[in-house]
Protein chains: 2
Amino acid sequence: MAIAKKKRTGKSRHFAAAEEIGSRILRGDFAPGELLPNEAEWCKRLRMSRSAVREAIKMLKAKGLLNSRPKIGTRVEPRERWNLLDRDVLSWYMATPERARFLKSVQEMRRIFEPEAAALAAIHRDSAEMAAISVACRDMGTATTLENRIEADVRFHLGILSAAGNEFLVPFGFLIESALANVFDYVTRSVGTLRHAQSLHENIEKAIRHRRPAAARRAVRLLLADTDDVIEHLPPPTAFERAKRRRKPAVSSQPSAVPPIVDR
Amino acid sequence: MAIAKKKRTGKSRHFAAAEEIGSRILRGDFAPGELLPNEAEWCKRLRMSRSAVREAIKMLKAKGLLNSRPKIGTRVEPRERWNLLDRDVLSWYMATPERARFLKSVQEMRRIFEPEAAALAAIHRDSAEMAAISVACRDMGTATTLENRIEADVRFHLGILSAAGNEFLVPFGFLIESALANVFDYVTRSVGTLRHAQSLHENIEKAIRHRRPAAARRAVRLLLADTDDVIEHLPPPTAFERAKRRRKPAVSSQPSAVPPIVDR
DNA sequence: CAAGACGATTTGTCAGATAAATGAACCGGC
DNA sequence: GCCGGTTCATTTATCTGACAAATCGTCTTG
């Protein structure tokens with residue numbers, strides 16, 4: 001489909017400001033505990049009114065990145081308080097030089113909760129959820145473009161999380177999986193690995209369909225091990241591929257663009 | 001220590017507003033997709049200026065609860081977009097009649113990631129992290145008040161998560177564990193179960209100290225099973241105990257204004 | 001009847017002023 | 001010289017009032 005995204009005026013002012021400041025914090029320009037320039041200073045730097053700056057800061061406070069008190073100023077919160085599991089924070093994080101470490105952590109989290117989620121899904125799934133998973137799995141096989149395949153891949157994993165029936169798993173996984181659109185992109189390369197990956201996915205689908213939790217858990221572990229393996233042995237991407245990849249944003253942070261995967 | 005927290009003026013206005021509106025959303029007064037009253041209306045209702053209301057709404061947007069567009073108004077986002085893994089949202093959620101379901105979900109999440117976290121901790125821990133865990137474990141045993149014991153209990157579990165060395169585990173667990181202060185409170189009752197629980201904790205400590213991931217994983221599973229068991233067979237709390245419990249805030253989101261935990 | 005213009009409504013942004021909080025400097029008494 | 005309270009200056013918090021931008025519904029006109 002590729003809807004030509006209308007840029008409008010380019011997001012709201014305060015969101016742009018939040019993005020600017022937030023990225024800088026994630027990038028480490030302002031260390032935790034450090035004092036931020038005051039509001040007036042930001043007004044000058046970003047060429048916008050104090051209201052806009054304030055709303056941006058309010059937003060960052062809501063995400064646990066900042067904390068301000070009268071007379072003291074606004075300071076960066078310690079890292080533990082950052083709401084890393086937030087669309088925006090995640091996307092700023094991903095734009096950071098730390099990106100590799102980030103992906104490693106994400107992959108580790110997947111190894112922790114996806115097998116269990118699949119097991120739960122095998123137990124709790126209803127037929128509608130099963131259908132969604134199966135369709136996604138089939139779509140992966142029949143996808144003609146890389147983009148479609150990745151979309152179906154994400155949909156597949158989210159379907160499992162949603163079928164697991166734990167309300168934390170869904171939003172949590174949603175973030176992780178969105179972030180991982182990159183990884184799938186990375187991983188989905190040659191036809192050979194592609195076919196292999198497809199059969200791994202189908203095994204998961206089958207286990208859940210047959211309501212076999214232990215098998216589902218094993219199948220997911222296999223898939224993740226395979227993914228790790230592919231990442232491991234991946235030759236460094238060529239400049240061309242890197243540029244191609246750069247075109248799509250990893251996490252669609254803000255509203256106007258409803259993220260691609262809607263399961264209602 | 002129990003520092004008498006100075007109430008100040010009672011937190012900032014916009015936070016109070018955010019709390020009011022956010023709680024209502026979590027409670028279901030405003031369903032997802034529904035249109036919120038407009039800003040002017042909130043000004044009247046909450047007796048505050050439009051700026052304060054706007055900053056509150058900005059905050060709720062940052063948490064994924066709302067989304068507003070000019071002329072249309074502000075509407076509640078679908079539940080999947082809510083940032084449930086946020087201190088404030090979590091605390092509003094906990095003040096909801098859904099509280100029981102909430103605790104069940106949380107407990108399930110613990111079963112998913114705490115065993116793995118312990119296994120990772122057994123692998124990656126350094127000696128400082130180990131020391132923190134051991135101290136917490138000892139403090140649990142020697143604590144003289146229920147409050148101290150719970151504090152040490154939370155510290156113990158957080159220590160493990162932090163030793164696991166995954167940056168997502170820490171903030172994530174932080175939220176869950178804070179939320180669970182209630183559960184620990186619930187669970188820590190008779191001397192008998194208390195002594196049993198202590199030995200379960202010590203097994204975990206030992207496994208991590210000896211760098212035995214599989215043993216650590218097993219030990220955590222045992223503890224969680226025990227917790228589930230206690231919850232299961234818990235007689236309904238007496239009114240006195242309930243009142244006593246109500247005294248401490250569950251999630252220390254922003255010091256003063258934690259909503260009273262009503263369980264109807 | 002259809003397509004485009006227009007008005008009304010609601011959020012977005014701005015500017016300027018006052019209040020509140022609090023660290024730091026200052027001042028007086030001992 | 002030192003200690004304690006007091007004042008001051010700085011920064012965020014809040015309020016007020018205004019205009020801009022976006023967009024839904026309606027109205028006009030071909």
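Quick note on labels: first sequence line is chain A, next is B, and so on, each numbered from 1.
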*What heavy-atom pair brings Ser68(A) and Thr74(A) nearest, and what distance separates the two atoms?*
CB-OG1, 3.0 Å
*Who pairs with Lys58(A) by salt bridge (charged side-chain N to carboxylate O under 4.0 Å, His left out), at least two apart in sequence or on another chain?*
Glu55(B)
*Using 4.0 Å as the upper bound for N to carboxylate O, is an ion pair formed by Glu77(A) and Lys61(A)?*
no
_Using the side-chain heavy atoms of Arg69(B), tell me which of these nucleotides is nearest: dC14(C), dC15(D), dC24(D)._
dC24(D)
*asked:* So, does His14(A) get its side chain near the phosphate of dT13(C), meaning an N or O under 4.0 Å from OP1 or OP2?
replied: yes
*Assign Ile72(A) to base, sugar-phosphate, or nothing according to its heavy-atom contacts below 4.0 angstrom with the strands shown.*
sugar-phosphate
*So which nucleotide from dT13(C), dT12(D), dA13(D) ends up closest to the side chain of Thr74(A)?*
dT12(D)
_Short side-chain N/O contact from Ser68(B) to OP1 or OP2 of dT10(C), under 4.0 Å_ = no
_Can you identify which nucleotide, out of dC14(C), dT11(C), dT11(D), has its nearest atom closest to the Pro70(A) side chain?_
dT11(D)
*Toward the 5' end of DNA chain C, which comes first, Pro37(B) or Ala52(A), by nearest nucleotide?*
Pro37(B)
*asked:* Holding to ring-ring contact (aromatic ring centres under 6.0 Å, His included), I want the full list of residues that pass it with Phe172(A), two or more places apart in sequence or in another chain.
replied: Phe113(A), Phe172(B)
*Among dT14(D), dT12(D), dC15(D), the one nearest Glu39(A) by side-chain distance*: dT12(D)
*Per the atom types in the model, does the base of dA13(D) pair as donor or acceptor with the side chain of Arg50(A) at under 3.5 Å?*
yes
_By nearest atom, which of the nucleotides dC14(C), dA13(D), dT23(D) is closest to the Arg54(A) side chain?_
dA13(D)
*Consider the side chain of Lys71(A), meaning its heavy atoms from C-beta on, and name the nucleotide among dA21(D), dG23(C), dC24(D) that approaches it most closely.*
dG23(C)
*asked:* Pick the closest DNA chain C nucleotide for Ser51(B) and for Gly73(B) by heavy atoms, then say which residue is nearer the 5' end.
replied: Gly73(B)
